[in-house]
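Here, residue 1 is the first one in the sequence, and each next residue gets the next number.
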Amino acid sequence: MRFRPLRSPSPPQAPAAPPDAPPDTMAAITLAAAGGPEVLRYDRAPTPSPVLSELLVRVVAAGVNPIDAKTRAGRGVSAALGDAPVVPGFDFSGVVVASPFEAHPLAPGTEVFGMVPFPRTGGSYAEYVVVPSQSVTRKPSSLSHVEAAGVPLAALTAWGLVVETAHAHEGQRILIHAGSGGVGHFAVQFAAYFGAHVTVTASARNAAWLRELGAAVVVDYTSTRFEEVVGEMDVVIDLVGNAVDRTASRSLQVLRPGGLYVLVPTGSWPDYAQAAEEAGVRATSYKVIPDGGTLATIARLLDSGAVQVYIDRVFDLNEAAAAHTELEQGHTRGKIVLRVSDD
């Protein structure tokens with residue numbers, strides 16, 4: 001799926017008729033043990049029940065993220081998984097089936113998108129999810145469910161990195177590693193939107209596209225050492241870490257004194273804070289915050305056309321293993337999404 005022509009945002013629509021009561025069991029992807037993509041099974045699982053302020057949502061589409069693959073392989077958040085089998089997945093877009101109370105603003109029939117609190121609850125690779133009301137918001141009216149499902153985790157992470165941590169502003173110099181990925185392509189757009197001068201590392205095939213998104217400079221990491229052509233950065237947002245070619249360690253060389261280094265995949269470099277201090281720069285890690293209010297702001301940017309989501313490939317739910325295989329090849333532009341059910 002590629003970019004569609006920008007459209008004027010549609011006015012909010014009234015919720016559709018309340019959906020039918022959910023069945024006792026649902027189609028889902030389950031994970032019983034760590035391993036390769038083949039351990040993901042298309043199965044039946046009990047339909048979850050909401051309590052207190054939670055919503056029950058029928059999932060139309062679910063996003064696929066690197067943290068999903070890491071968790072499946074025994075890393076990521078696997079240490080927090082409950083009794084097997086579990087349903088993985090964070091992102092979703094779908095339709096509210098049950099609300100906490102009659103006057104709740106997200107009534108049954110409302111189209112919403114957001115993040116599931118996996119692994120504390122079952123994930124989004126399923127026909128139904130239970131989710132805290134504060135972790136969701138109305139789906140952007142200009143996006144399909146498939147497009148919207150590619151937004152929450154990646155865009156909220158990028159917003160937290162660029163806006164809340166780096167405080168992007170006019171004239172600031174920001175380097176973003178892996179700018180063509182799910183988080184990266186949102187980070188580029190947010191940084192450019194707030195006026196920063198954006199430099200990105202990516203492959204040559206993505207250079208023209210990243211410039212369209214707002215990157216001022218694209219460094220082809222396959223042919224150029226970024227530290228040889230980049231310097232005096234105010235901020236480095238590192239979505240790669242030291243897992244590949246010591247990207248994280250090399251990044252400290254391109255920051256100005258007192259600049260800020262932000263590491264997302266912390267497992268690849270446990271000693272980053274000490275190294276940053278020795279180099280005379282500041283450093284922090286970052287973990288995504290599933291806040292529905294922030295997601296509503298992002299939804300308005302999407303509806304206005306100021307920000308776009310790019311969906312690279314769409315798989316059906318029963319093809320989750322193939323989606324993980326594709327993701328782990330490391331060449332995804334934007335996001336991969338699972339189509340779970342019909343709109």
Side-chain angles (χ1 to χ4, degrees), residues 1 19-50 55-78 80-98 112-131 144-154 182 311-332 334-343:
M1 183 177 295
D20 295 333
D24 292 336
T25 65
M26 61 181 182
I29 298 297
T30 61
L31 173 65
E38 71 279 358
V39 302
L40 296 175
R41 295 186 55 191
Y42 182 66
D43 208 344
R44 302 294 299 182
T47 301
S49 298
L55 299 167
L56 178 65
V57 177
R58 179 177 65 82
V59 178
V60 177
V64 179
N65 296 286
I67 187 66
D68 300 352
K70 292 177 181 177
T71 300
R72 184 216 71 229
R75 305 187 306 277
V77 296
S78 61
L81 294 178
D83 295 336
V86 298
V87 177
F90 289 91
D91 288 338
F92 73 89
S93 182
V95 181
V96 175
V97 174
V112 296
F113 74 143
M115 283 183 62
V116 178
F118 175 80
R120 302 301 186 192
T121 68
S124 60
Y125 291 12
E127 290 184 303
Y128 294 90
V129 293
V130 161
V131 59
S144 67
H145 282 291
V146 166
E147 292 168 319
V151 174
L153 187 147
I311 305 301
D312 198 343
R313 292 202 55 186
V314 180
F315 294 83
D316 288 334
L317 180 62
N318 61 3
E319 299 175 307
H324 275 225
T325 298
E326 177 77 12
L327 179 73
E328 291 182 306
Q329 291 177 357
H331 302 299
T332 301
K335 291 295 299 288
I336 292 174
V337 171
L338 297 176
R339 183 186 293 106
V340 178
S341 62
D342 296 331
D343 291 8

Looking only at heavy atoms, the pair that brings Val87 and Ala28 closest together is CG2-CB, 4.0 Å
Can you find a pair of side-chain heavy atoms, one from Lys335 and one from Val64, that are under 4.5 Å apart?
no
Distance in Å, Arg41 CZ paired with Asn318 CG, rounded so as to fall on 0.5 Å steps
13.5 Å
Side-chain contact test, heavy atoms from C-beta onward, threshold under 4.5 Å: evaluate it for Arg44 versus Glu127 and give yes or no.
yes
What heavy-atom pair brings Pro119 and Ala80 nearest, and what distance separates the two atoms?
CG-CB, 3.7 Å
If you define the side chain from C-beta out and look only at heavy atoms, does anything of Pro85 sit under 4.5 Å from Asp43?
no
side-chain contact (heavy atoms from CB on, under 4.5 Å), that's the test. Do Val95 and His145 meet it? Break it down for me.
CA-CA 9 Å; Val95 181; His145 282 291; 4.3 Å; yes
Quick one: are Ile29 and Tyr42 in side-chain contact, heavy atoms under 4.5 Å?
yes
Looking at Leu153, is its backbone amide N or carbonyl O close enough to the side chain of Asp91 to form a donor-acceptor pair, meaning the two atoms are under 3.5 Å apart?
yes
Output for pair (Ser124 OG, Asp68 CG), nearest 0.5 Å, gives 7.0 Å
Would you find a donor on one side and an acceptor on the other, under 3.5 Å apart, between the side chain of Thr71 and the backbone of Val77?
yes
Hey, what do you get for OG1 (Thr325) to CD (Glu38), rounding to the nearest 0.5 Å?
8.0 Å
Val146 backbone acceptor or donor facing Ser93 side chain under 3.5 Å
no
If you take all heavy atoms of Phe118 and Gly89, which pair is closest and at what distance?
CB-O, 3.5 Å
Can you name the closest pair of heavy atoms from His331 and Asp312 and give their distance?
O-OD2, 4.2 Å
Kindly indicate whether the side chain of Val337, heavy atoms from C-beta on, has any atom under 4.5 Å from the side chain of Arg339.
no
Heavy-atom distance under 4.5 Å between the side chains of Thr47 and Asp24, does that happen here?
no
Considering all heavy atoms, the nearest Pro152-Phe92 contact
CG-O, 4.2 Å
Side chain proximity check, Glu328 to Arg72, heavy atoms < 4.5 angstrom
yes
What do the steps show when you test Leu317 against Val59 for side-chain contact (heavy atoms from CB on, under 4.5 Å), and what is the final call?
CA-CA 11 Å; Leu317 180 62; Val59 178; over 6 Å; no
Considering all heavy atoms, the nearest Leu338-Ala320 contact:
CD2-CA, 4.0 Å
